[in-house]
*Asks:* 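To start, I am sharing the structure in question, which I have written as structure tokens.
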Amino acid sequence: MKKIVLFFLSIILITSCTTKKDIVYFQDIKNKQQSQVQYVVPKIQINDILNVNVSALNPEAVAPFNQQLDNLGNQSDANMKLRGYLVSAEGNIVFPIVGKIKLAGTTPEEAEDIIKNILVSKGLLVDPVISVRLLNGKITILGDISKPGTYPYSEQNITLLQALGYASDLSISGIRKDILVIREENGTRTYGHIDMTKTDWFDSPYYYIKQNDVIYVYPNGPKIKSAGYLTNLSTVLSVVASSITLILLITRL
């Protein structure tokens, strides 16, 4: 009987074991290894909200082209978004005096040049300085993550690692070898599968996250099985081992 108990206990230990290869990130990094960082400038998409600021030597001349603050000078994020320029389904913003300007598919720097050229060519301003910034950058992180949810960000570029950091990293039962990134861009949906235990994805299009990306972390097998009643093998074996132990104690009385 004791051999049976020991057998079941050993199986429990084996099935509950998680190896280093399943948990540790970047296992192929070598000491003092270096690689070039390829910066990617995000492009403006439909439903983006843009802040466009126009400045020039004559402040009165640019006043019609800038969003006016409320009486309290409120510049909160919510207030800025309400007063920002929404990129329509056609890819346009409606700019004061000028009208529709197509900006979808351009980088913020390219958008600045487009707006500047229009204002100068129409004789509205002389040598203006244009600043374009995305106001509603956000990502959604779901699955076996510590804090799933939708996270806003204000930087121009964030990496997949930073995005996972916003959500306080993967749970211990999250699968590191297959992180799914769902991306919609220019009317096309793409799917990226990232193995976080390696570094080859550093040079992939998914190293830098783009606005509106969805990141999904798959749960491992034991986590899925634990959702049912006694479907986890470790749980079943634990119950069996406890029953055998109880029987042994009773027989000794």
Side-chain angles (χ1 to χ4, degrees), residues 37-56 62-69 75-125 127-142 149-160 162-163 166 180-194 201 203-216:
V37 178
Q38 301 293 331
Y39 289 101
V40 177
V41 180
K43 294 187 177 181
I44 296 170
Q45 301 180 20
I46 293 170
N47 287 330
D48 282 351
I49 300 176
L50 307 177
N51 176 47
V52 181
N53 182 264
V54 183
S55 60
V62 300
F65 303 101
N66 288 320
Q67 297 284 0
Q68 300 299 313
L69 299 176
Q75 298 189 60
S76 66
D77 289 343
N79 189 55
M80 293 288 286
K81 289 177 183 178
L82 288 174
R83 297 175 181 275
Y85 296 97
L86 177 66
V87 181
S88 69
E90 292 74 32
N92 304 317
I93 66 168
V94 180
F95 202 63
I97 301 176
V98 175
K100 293 182 179 180
I101 302 178
K102 188 173 183 62
L103 296 180
T106 67
T107 65
E109 290 80 6
E110 292 169 343
E112 292 168 358
D113 290 337
I114 291 172
I115 296 172
K116 178 179 180 178
N117 292 336
I118 291 175
L119 294 176
V120 172
S121 65
K122 290 182 175 293
L124 298 172
L125 292 173
D127 197 24
V129 176
I130 314 297
S131 173
V132 175
R133 184 175 180 180
L134 178 68
L135 292 177
N136 66 328
K138 62 184 181 300
I139 50 174
T140 299
I141 308 177
L142 303 172
T150 297
Y151 293 87
Y153 63 91
S154 56
E155 300 94 326
Q156 179 171 268
N157 277 324
I158 65 169
T159 66
L160 176 58
Q162 288 175 297
Y166 287 158
L180 175 64
V181 180
I182 304 172
R183 175 170 297 166
E184 294 185 7
E185 197 171 24
N186 300 324
T188 302
R189 185 179 295 112
T190 59
Y191 307 91
H193 293 269
I194 304 299
W201 62 274
D203 298 320
S204 79
Y206 298 98
Y207 178 73
Y208 283 105
I209 290 300
K210 296 188 178 182
Q211 62 266 38
N212 305 317
D213 278 359
V214 176
I215 303 167
Y216 181 74

*Asks:* May I have the step-by-step check of side chain to side chain contact (heavy atoms under 4.5 Å, CB included) for Leu103 and Val87, ending in yes or no?
*Replies:* CA-CA 8 Å; Leu103 296 180; Val87 181; 5.5 Å; no

*Asks:* Shortest non-hydrogen contact from Tyr153 to Tyr166?
*Replies:* CB-OH, 3.9 Å

*Asks:* Between Ile114 and Ile101, which heavy-atom pair has the shortest distance, and what is it?
*Replies:* CG2-CG2, 3.9 Å

*Asks:* When rounded to the nearest 0.5 angstrom, what distance separates CD in Glu184 from CG in Asn212?
*Replies:* 8.0 Å

*Asks:* Any side-chain to backbone donor/acceptor pair from Lys210 onto Lys43? Under 3.5 Å, distance only.
*Replies:* no

*Asks:* Measuring from Leu134:CG to Ile49:CD1, what's the distance to the nearest 0.5 Å?
*Replies:* 8.5 Å

*Asks:* Please step through side chain to side chain contact (heavy atoms under 4.5 Å, CB included) for the pair Asn117 and Ser121, ending with a clear verdict.
*Replies:* CA-CA 6 Å; Asn117 292 336; Ser121 65; 5.6 Å; no

*Asks:* By the definition side chain to side chain contact (heavy atoms under 4.5 Å, CB included), identify the one residue from Asn66, Val132, Val129 that meets it with Asn53.
*Replies:* Asn66

*Asks:* Find the distance between CD1 (Ile118) and CG (Asp113) and round it off to the nearest 0.5 Å.
*Replies:* 11.0 Å

*Asks:* For Pro42 and Asn157, work out which heavy atoms get closest and say how close.
*Replies:* CD-OD1, 3.5 Å

*Asks:* To the closest 0.5 Å, what do you measure between OH (Tyr208) and CD (Gln162)?
*Replies:* 8.5 Å

*Asks:* How close do Ile46 and Ala89 get, heavy atom to heavy atom, and via which atoms?
*Replies:* CD1-O, 3.2 Å

*Asks:* Please report the interatomic distance CG(Asp48) to CD1(Ile93), rounded to the nearest 0.5 Å.
*Replies:* 11.5 Å

*Asks:* Go through it in stages, so that I can follow the logic: the residues are Leu124 and Val98, the test is side chain to side chain contact (heavy atoms under 4.5 Å, CB included), and I'd like the CA-CA distance, side-chain angles, deciding distance and then a yes or no.
*Replies:* CA-CA 9 Å; Leu124 298 172; Val98 175; 4.0 Å; yes

*Asks:* For the residue pair Tyr207 and Trp201, does the interplanar ring angle fall in the parallel (under 30°), tilted (30 to 60°) or perpendicular (over 60°) class?
*Replies:* tilted

*Asks:* What distance separates Ile115 CD1 from Phe65 CZ, expressed to the nearest 0.5 Å?
*Replies:* 11.0 Å

*Asks:* With distance as the sole test, does Asn51 use its side chain to make a donor-acceptor pair with the main-chain N or O of Leu135 at under 3.5 Å?
*Replies:* no

*Asks:* Could you check if a side-chain atom of Val120 sits within less than 4.5 angstrom of a side-chain atom of Asp127, using non-hydrogen atoms only?
*Replies:* no

*Asks:* Show the nearest heavy-atom pair for residues Val62 and Ser55, with the distance to one decimal.
*Replies:* CG1-C, 3.9 Å

*Asks:* Could you walk me through whether Gln211 and Ile139 pass the side chain to side chain contact (heavy atoms under 4.5 Å, CB included) check?
*Replies:* CA-CA 6 Å; Gln211 62 266 38; Ile139 50 174; over 6 Å; no

*Asks:* For Arg133 and Pro108, indicate whether the former's side chain and the latter's backbone hold a donor-acceptor pair under 3.5 Å.
*Replies:* no

*Asks:* So, for Glu90 and Lys102, which heavy atoms are closest and what is the spacing to 0.1 Å?
*Replies:* O-NZ, 2.7 Å

*Asks:* Backbone N or O of Tyr206 within a donor-acceptor pair of the Asp213 side chain at under 3.5 Å?
*Replies:* no

